Q: 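Please find one structure pasted underneath; my questions will follow.
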Number of protein chains: 2
Amino acid sequence: MSVSGPAPTVYDVAERSGVSIATVSRVYRNPEAVRPETRERVLAVARDLGYVPSGSARGLASRSTGVLGLCFPDYSDPDVEAAAADDDDAAMLYSDEIIRGMERAARRHGYALLIAGSLQGGSEVAKVAGRVDGFAVIARTVATAELEAIARRQPVVMLAGPREDVDGADHLDHIEVANFDGQRELTRHLIEDHGLRRLAYIATGEDSPDVQARFRGFLAACHAAGVEVDDEPALRVWMTQAEGARAADVLCERGGELPQAFLFANDQMAVGALHALERRGLRVPDDVVVTGFDGIPLSRLVRPPLTTVRQPMLRMGEAAVDLLVERLSGQRTGDPVSMMLPVAVVPRASCGCGEEVAAGPGGR
Amino acid sequence: MSVSGPAPTVYDVAERSGVSIATVSRVYRNPEAVRPETRERVLAVARDLGYVPSGSARGLASRSTGVLGLCFPDYSDPDVEAAAADDDDAAMLYSDEIIRGMERAARRHGYALLIAGSLQGGSEVAKVAGRVDGFAVIARTVATAELEAIARRQPVVMLAGPREDVDGADHLDHIEVANFDGQRELTRHLIEDHGLRRLAYIATGEDSPDVQARFRGFLAACHAAGVEVDDEPALRVWMTQAEGARAADVLCERGGELPQAFLFANDQMAVGALHALERRGLRVPDDVVVTGFDGIPLSRLVRPPLTTVRQPMLRMGEAAVDLLVERLSGQRTGDPVSMMLPVAVVPRASCGCGEEVAAGPGGR
DNA sequence: GCGCTACCTGTAAGCGCATACATCACACTG
DNA sequence: CAGTGTGATGTATGCGCTTACAGGTAGCGC
């Protein structure tokens, strides 16, 4: 009933099917090179021995693993019991979407995906780097210097984060999202198309480069339109729904004129604010406009549907795999590339735009 | 700029730091066994050589990889371009949550996670099985016979699916969710606490064992309460929002008395139905009660908040890792276990229950 | 000063597979 | 019938590391 003895190897299969280990190996790696009847015989033996080729041995011998990797940060509560019970946390994360994008793309290219999160920049990199042919790292998960050293010997692509992070890194490919452009465009939309001028930007406490870029995009649009704004966000809170609700409360109770619009640095906060405003009896968008950033699925489902900027996270995962595969296949060998994925402003009811996008789930 | 030569090995590090390869190895595997100054010297050399131990070689030599695996089905549109643009599909999937649960739990135990999806039961199992110390498989991804053969040599746990699937499998551990109990309990709630008797169950087209169990739970509750129902679901549609909306429309237009409640086999369909009913001017829960199943995050965010049954997907991932680790550490060696995770009915406004749970995101 | 122990380091033998190369059988060609 | 090519298989080596086991050195008590 329990695990029975050591796993069978090529030697076992070879012996029992009366061939050499080379032939067994060929049955798996290069089946056409083996006579059909031999092949069948070997496979039959393998099957009833429960033989599975050792990935480690194969990796060693062939100098490639057939696996791509991803290192991502996990900011979650270390106490997983709590995290599991936490609704807010159960929403789809940034990284989940990248994982899915990468896994699908990797599979298309015949690779599997090895993932390893890290809490405080632990050295899971080494664990990953050593067992994959190439890997992606979400920005700020691993020190750039360490990555650069590894990237000298194996393809590495950095995801998100600003380009400056990879300046001076001669080997890191880089993919980022047009945070700046997206927030600027959304802000421009509010100013020009909706005629708003009193705007409050709510950023996050962590100094995420992405959030910084978004805020700069916001500033740029304001300056371009001659709208007065502070050089600092109106508020900084954590990027959760609860905190977004709190932010809305704070801004409402802060003296002076109520802003015409709350621009949140992500959707989660914006959704929280929507609820807080509803409780206060303020109507969105009539009394105040609310916008988010990310384009998470529920941004479309809240009432009113949330105007936001859609980030192509799945695409980012795919693009990462593409870059890695290009390097691995030798199609590309030169200097590192730095690509920027476009984002799309998604105007919905929370900024006063038509209901057409909010019509419902049927409207694909 | 490009990848420069072969990766450095223990030999390179050993040579340049004037020690033997055994010492280099010990620096990584058993640092206390090496004199501190030696250790530092080796690490320094390793660092500036960009040395990373080869996972394959280590795996071969030590007969363990430090990696756990997960095989899951991916029903998504093979055309990823389309899938990426598809909102419905961008919702958090079943598997995403399991992946996250497993990754976190694996990390706590010092393992990384290797994931491989499969479209039509391709043999990604072999790819995974060969490179991990143990792995989990979501039901119906891989033929049970094949799994059983592998499970003779390495811990394997089957996730979800009915217990019958692992009957006769002497080596497969098994984790399932109390689908039957959950749906029965929810149904009982509608019948007894809300006094409803005309219930319509909407199942899915695929004959998922989980959905079947849910339907049986529904039937059991009806029979127990003496409520008349067909032996077949009122309708079978795909498990998407769009299809849920369509289902609601069909049921509304079907002649005869309108059911008092629509019980959907999952949340996605129920959310779709909510929108469809709103369009038709029907009020939930006053005109008709709607319930879902799964407890996905957006079930709490739609209006009205959706009564549902919460499935502990993160827990399932954790439990899978726990089982694997127990086997690997030799803490457990006997017959396979089959555990059932409890679910919780979450009564919310869509069945007429209090608004307290729907108060907002702040209410943790 | 001797033997003993404790600690550190080196030696060497694989781990299971891929693969270049050698071998062999078997047509075919001329 | 020797000569030559072709396809199937075997032989042998090494991939980079872990890990007994075997030294070697220094400290200790007597």
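Since we're looking at a predicted model, the values are computed, not measured. When reading the values below, keep in mind they use all heavy atoms of this one structure, side chains included, and skip hydrogens, waters and symmetry mates. In what follows, chains are A, B, ... by sequence order, proteins preceding strands, each numbered from 1.
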Q: Can you check whether B:Pro8's main-chain N or O pairs, donor with acceptor, with A:Arg153's side chain at less than 3.5 Å?
A: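 Absent.
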
Q: Among the nucleotides D:dG16, C:dG16, D:dT18, which one has an atom lying closest to any side-chain atom of B:Ser62?
A: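 Nucleotide nearest to B:Ser62's side chain: D:dT18.
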
Q: Among C:dT9, D:dC15, C:dG14, which nucleotide sits nearest the side chain of B:Arg35?
A: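 The answer is C:dT9.
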
Q: B:Ser56 side chain N/O closer than 4.0 Å to the phosphate oxygens (OP1, OP2) of D:dC15?
A: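 Answer is no, no contact under 4.0 Å.
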
Q: Distance check needed: D:dT18 C1' versus A:Leu60 CG, whole Å only.
A: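 After rounding, the reported distance stands at 12 Å.
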
Q: Find the distance A:Arg26:CZ to D:dT9:P and express it as a whole number of Å.
A: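 These atoms are roughly 8 Å apart.
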
Q: Among C:dT9, D:dG16, D:dG10, find the nucleotide with the atom closest to the side chain of B:Ser54.
A: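 Of all the options, the side chain of B:Ser54 is nearest to D:dG16.
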
Q: What do you reckon, is CZ of B:Arg39 surrounded by more than 12 foreign heavy atoms closer than 6.0 Å?
A: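 Counting other residues, nucleotides and ligands, CZ of B:Arg39 exceeds 12 neighbours.
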
Q: Are any non-hydrogen side-chain atoms of B:Val156 and B:His171 less than 4.5 angstrom apart?
A: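 No, their side chains stay 4.5 Å or more apart.
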
Q: Among D:dC17, D:dT18, C:dG16, which nucleotide sits nearest the side chain of B:Tyr11?
A: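 Selected nucleotide (nearest to the side chain): D:dC17.
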
Q: Rounded to whole Å, how long is the line connecting atom CZ of A:Arg58 with atom C1' of C:dC17?
A: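 The distance from CZ of A:Arg58 to C1' of C:dC17 comes to 9 Å, rounded to the nearest Å.
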
Q: Classify A:Thr23 by what it touches in the nucleic acid, base, sugar-phosphate, or nothing, heavy-atom distance under 4.0 Å.
A: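 Sugar-phosphate contact only.
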
Q: Whole angstrom is fine here: how far is it from CZ in B:Arg63 over to C1' in C:dC17?
A: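 Atom-to-atom, B:Arg63 to C:dC17, this comes out as 14 Å.
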
Q: Under 4.0 Å, heavy atoms only, any strand: does A:Val24 hit a base, just the sugar-phosphate, or nothing?
A: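 The residue A:Val24 makes no contact with any strand.
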
Q: If we check side chain to side chain contact (heavy atoms under 4.5 Å, CB included) with B:Tyr111, which of these qualifies: B:Val325, B:Thr65, B:Leu324, B:Val321?
A: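 Exactly one option meets the side chain to side chain contact (heavy atoms under 4.5 Å, CB included) with B:Tyr111, and it is B:Val325.
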
Q: Around atom CD of B:Glu15, are there more than 12 heavy atoms of other residues, nucleotides or ligands at under 6.0 Å?
A: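 No, not enclosed.
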
Q: Distance check needed: C:dC17 C1' versus B:Arg131 CZ, whole Å only.
A: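 Spelled out: CZ on B:Arg131 to C1' on C:dC17 is 12 Å.
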
Q: Quick check for you: among C:dG16, C:dC15, D:dT11, whose closest atom lies nearest to any side-chain atom of A:Ala22?
A: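 The closest nucleotide is D:dT11.
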
Q: Counting side-chain heavy atoms from C-beta on, which of D:dC17, D:dG10, C:dA18 comes nearest to B:Tyr51?
A: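 Nearest to the side-chain atoms of B:Tyr51, counting from C-beta on, is D:dC17.
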
Q: Using whole Å, report how far CD of A:Glu15 lies from P of D:dT11.
A: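 Checked: the CD to P distance equals 13 Å.
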
Q: Rounding to a whole Å, what distance do you find between A:Glu37:CD and D:dA8:P?
A: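 Whole-Å distance recorded here is 10 Å.
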
Q: Taking OP1 and OP2 of C:dG10, is either one under 4.0 Å from a side-chain nitrogen or oxygen of B:Ser20?
A: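 For C:dG10, OP1/OP2 do have a side-chain N/O of B:Ser20 under 4.0 Å.
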
Q: Could you check whether B:Val19 gets within reach of a base, just the sugar-phosphate, or nothing at all, counting any heavy atom under 4.0 Å?
A: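 The residue B:Val19 makes sugar-phosphate contact but no base contact.
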
Q: Rounded to the nearest Å, what distance is computed from the CG atom of residue B:Asn30 to the P atom of nucleotide C:dC8?
A: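 My rounded result for the distance is 11 Å.
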
Q: Of all the choices, C:dA20, D:dC17, D:dT18, which nucleotide is nearest to the side chain of B:Ser25 once you look at every atom?
A: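 For the B:Ser25 side chain, the nearest candidate turns out to be D:dT18.
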
Q: With respect to the side chain of A:Ala61, which nucleotide from D:dT11, D:dA20, D:dG14 is positioned closest?
A: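 In terms of side-chain proximity for A:Ala61, the closest of D:dT11, D:dA20, D:dG14 is D:dG14.
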
Q: Quick check: on DNA chain D, is the nucleotide nearest A:Ile21 upstream (toward 5') of the one nearest A:Pro36, or the reverse? Name the residue that is more 5'.
A: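 Closer to the 5' end of DNA chain D: A:Pro36.
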
Q: Is the side chain of B:His174 donor-acceptor paired with the backbone N or O of B:Gly161 at a distance under 3.5 Å, no angle test?
A: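 Present.
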
